[in-house]
There are 2 protein chains.
Amino acid sequence: MSIMLKFDPIPSEETEPSDLGPVSSKEKEKVPTPTLERLTTYLRCVIDLGASGMETVSSAQIEEHTGISAAQFRKDLSYFGEFGKPGVGYNVPDLESRIARILRIHQMQPIILIGAGNLGSALLRYPGLEEHRFHIVASFDTAPNKIGKRLQDMDIVDFSRLREINSALKARMAILAVPALAAQGAADSAIESGVRAILNFAPTLLRVPSHVIVRNVSFVQELAVLSYHLAQSDSEDYS
Amino acid sequence: MSIMLKFDPIPSEETEPSDLGPVSSKEKEKVPTPTLERLTTYLRCVIDLGASGMETVSSAQIEEHTGISAAQFRKDLSYFGEFGKPGVGYNVPDLESRIARILRIHQMQPIILIGAGNLGSALLRYPGLEEHRFHIVASFDTAPNKIGKRLQDMDIVDFSRLREINSALKARMAILAVPALAAQGAADSAIESGVRAILNFAPTLLRVPSHVIVRNVSFVQELAVLSYHLAQSDSEDYS
DNA sequence: TAGATTGTTAATCGATTAACAATC
DNA sequence: TAGATTGTTAATCGATTAACAATC
């Protein structure tokens with residue numbers, strides 16, 4: 001008799017909701033990455049509209065300002081609930097704060113910077129980060145001629161002290177702006193110090209535990225895609 | 001009797017090849033953007049393998065080094081012809097030169113830089129660009145305290161001279177590293193001077209003629225996506 | 001020849017677009 | 001109420017994955 005079986009002999013596909021308590025009754029639908037990427041664009045847009053005094057915005061106006069279609073915008077938001085009023089549109093300040101909250105940039109996010117070379121110091125001085133509440137709280141390098149120097153209003157710290165320092169700072173995001181050969185080692189140390197999300201500028205595959213997220217940025221890749229299309233449109237000129 | 005029918009009476013979907021002359025008999029299949037983006041990763045990989053003396057590589061080994069699946073690699077290459085030998089693999093130097101040629105980075109690509117601030121000067125000093133034969137041939141800015149200063153081995157030139165200068169240089173790619181409010185104007189001037197591909201670092205929608213290609217880079221976007229996933233994995237910890 | 005690995009086709013998966021009932 | 005605009009469903013489109021015949 002199956003009544004004896006405390007556990008289902010045929011494992012069900014769906015895991016039982018279990019007792020998550022009152023949290024999120026809505027079954028978590030996975031949000032597509034392109035949707036997440038567009039969220040920053042919407043946020044930027046509503047911040048600007050808000051600054052210009054606009055109180056309400058329609059999806060059609062969002063399309064006009066961002067180049068992303070109204071349908072796409074509505075679909076993207078739908079992953080996170082209801083935001084607007086039919087016939088009216090979206091409240092600008094409300095939309096801003098809700099998107100910021102989804103991305104967890106409604107409050108300051110501490111980030112550590114590894115690699116204080118050209119790119120690293122440019123990022124440190126880039127005002128866009130602070131505007132979006134990303135705050136670089138420490139920067140590390142291995143070069144003796146850099147260690148101890150001040151950059152913005154921070155000392156550049158010896159990379160070997162990363163773990164010690166981040167045990168106090170508890171930053172969970174790191175920007176990796178080091179040469180390719182140093183990237184894996186830098187990532188390993190960062191992860192050991194508690195980092196769980198890495199923005200990697202080195203053209204290298206980082207091997208990380210499954211609980212760590214990596215995103216790669218490559219200028220060369222961007223230029224190469226442009227270069228390809230440029231050549232394509234040249235050859236079309238002959239047709 | 002079907003023997004009479006020289007042509008299928010039901011018109012076929014495919015358009016007739018028409019007389020494109022001897023150029024590209026293979027009908028141009030549109031290459032997906034993700035494929036183009038991965039091409040740089042493959043190139044980087046085969047350059048490294050070549051430097052380490054490897055002569056032949058299989059798609060399985062590419063997967064091992066890049067994290068991109070062997071099937072994906074083969075599918076990606078298939079848009080551009082046949083590259084390997086069944087049972088053997090791909091010749092490393094050959095693969096390198098063919099990918100470089102597809103991306104048109106087998107020969108030097110002149111680029112102009114607009115905006116010689118933190119980010120702009122970091123890009124100018126970034127060795128990866130030259131390694132991939134992207135060569136910044138001029139840099140422009142509007143700030144009087146920057147104009148005339150030397151950066152790498154180049155003078156920073158007054159932005160108002162962009163058109164004049166690029167009529168000689170004939171660069172068709174531009175990197176835009178200016179504040180958001182200056183971006184559209186900078187793009188307009190660049191396009192007027194002959195630029196047809198723009199790498200835009202400003203968080204702004206650029207409005208450009210249809211023959212001009214734009215790619216946008218946003219650090220904030222990348223960090224925001226990381227931030228979202230970080231928050232997600234936190235909430236999973238409670239389950 | 002036997003084993004390995006390609007290039008390609010078909011099946012799957014996922015994202016975008018279009019359309020519209022619900023509702024302000 | 002009539003007009004506008006949302007949120008969502010269904011249809012379309014496109015990219016990835018899996019499988020395998022071809023071939024070295």
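Computed from a predicted model, the values in this text were never measured in an experiment. Letters A, B, ... mirror the listed sequences (proteins, then strands); counts begin at 1.
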**Student:** When the ring centroid of A:Tyr126 is compared with that of A:Phe134, is the distance short of 6.0 Å?
**Tutor:** no
**Student:** Stems involving DNA chain D: give each as a range paired with a range, ordered by first number, where a stem means at least three consecutive Watson-Crick or G-U wobble pairs under 3.5 Å.
**Tutor:** C:3-24 with D:3-24
**Student:** Between C1' on C:dA15 and NZ on A:Lys30, what's the gap in Å once rounded to a whole number?
**Tutor:** 10 Å
**Student:** Rounded to whole angstroms, how far apart are CD on A:Glu37 and C1' on C:dT16?
**Tutor:** 15 Å
**Student:** CG of B:Asp76 versus C1' of C:dG7: gap in Å, rounded?
**Tutor:** 13 Å
**Student:** OP1 or OP2 of C:dG7 versus the side-chain N and O atoms of B:Tyr90: is any pair under 4.0 Å?
**Tutor:** yes
**Student:** Return yes if some donor-acceptor pair links the side-chain N/O of A:Gln61 with the main-chain N/O of A:Ser58 below 3.5 Å, else return no.
**Tutor:** yes
**Student:** Rounded to whole angstrom units, what separation is found between the CG atom of B:Asp94 and the P atom of C:dT6?
**Tutor:** 14 Å
**Student:** Is a side-chain N or O of A:Ser227 found less than 3.5 angstrom from the main chain of B:Leu103, in a donor-acceptor match?
**Tutor:** yes
**Student:** Do the numbers put A:Arg98 on top of the ring of A:Phe83, so that NZ or CZ is under 6.0 Å from the six-membered ring centre and no more than 45° off the axis?
**Tutor:** yes
**Student:** Ring centres of B:Tyr90 and B:Phe73 under 6.0 Å apart?
**Tutor:** yes
**Student:** May I ask you to say what A:Ser59 touches in the nucleic acid, namely base, sugar-phosphate or nothing, with a heavy-atom cut-off under 4.0 Å?
**Tutor:** sugar-phosphate
**Student:** When the distance from CZ of A:Arg38 to C1' of C:dT17 is rounded to whole Å, what number comes out?
**Tutor:** 12 Å
**Student:** Taking atom C1' of D:dT8 as reference, at what distance in whole Å does atom CZ of A:Phe83 sit?
**Tutor:** 15 Å
**Student:** Any carboxylate oxygen within less than 4.0 angstrom of a Lys/Arg side-chain nitrogen, looking at B:Arg172 and A:Asp234?
**Tutor:** yes
**Student:** Quick one about A:Arg44 and A:His132 (side-chain donor to acceptor, distance below 3.5 Å, no hydrogens or angles considered), yes or no?
**Tutor:** yes
**Student:** Which parts of nucleotides 19-24 of chain C does protein reach within less than 4.0 Å, heavy atoms only, written one letter per nucleotide 5' to 3' as B for base, S for sugar-phosphate only and - for none?
**Tutor:** B---BB
**Student:** In whole Å, what is the span from the CZ atom of B:Phe73 to the P atom of D:dA18?
**Tutor:** 18 Å
**Student:** Would a distance-only check, ignoring hydrogens and angles, find a side-chain to backbone donor-acceptor pair under 3.5 Å from B:Gln184 to B:Arg207?
**Tutor:** yes
**Student:** Is the phosphate of C:dA15 approached by A:Gln72 (side-chain N or O, under 4.0 Å from OP1 or OP2)?
**Tutor:** no
**Student:** D:dG7 C1' sits how many Å from A:Ile62 CD1, rounded?
**Tutor:** 16 Å
**Student:** Tell me which nucleotide among D:dG7, C:dT9, C:dT17 gets nearest to the side chain of A:Ser69.
**Tutor:** C:dT17
**Student:** Under the side-chain contact (heavy atoms from CB on, under 4.5 Å) test against B:Asn200, which residue among B:Leu176, B:Val217, B:Val178, B:Ile114 passes?
**Tutor:** B:Leu176
**Student:** Heavy atoms from C-beta onward define the side chain here; which of C:dA15, C:dT5, C:dT16 lies closest to that of B:Ser58?
**Tutor:** C:dT5
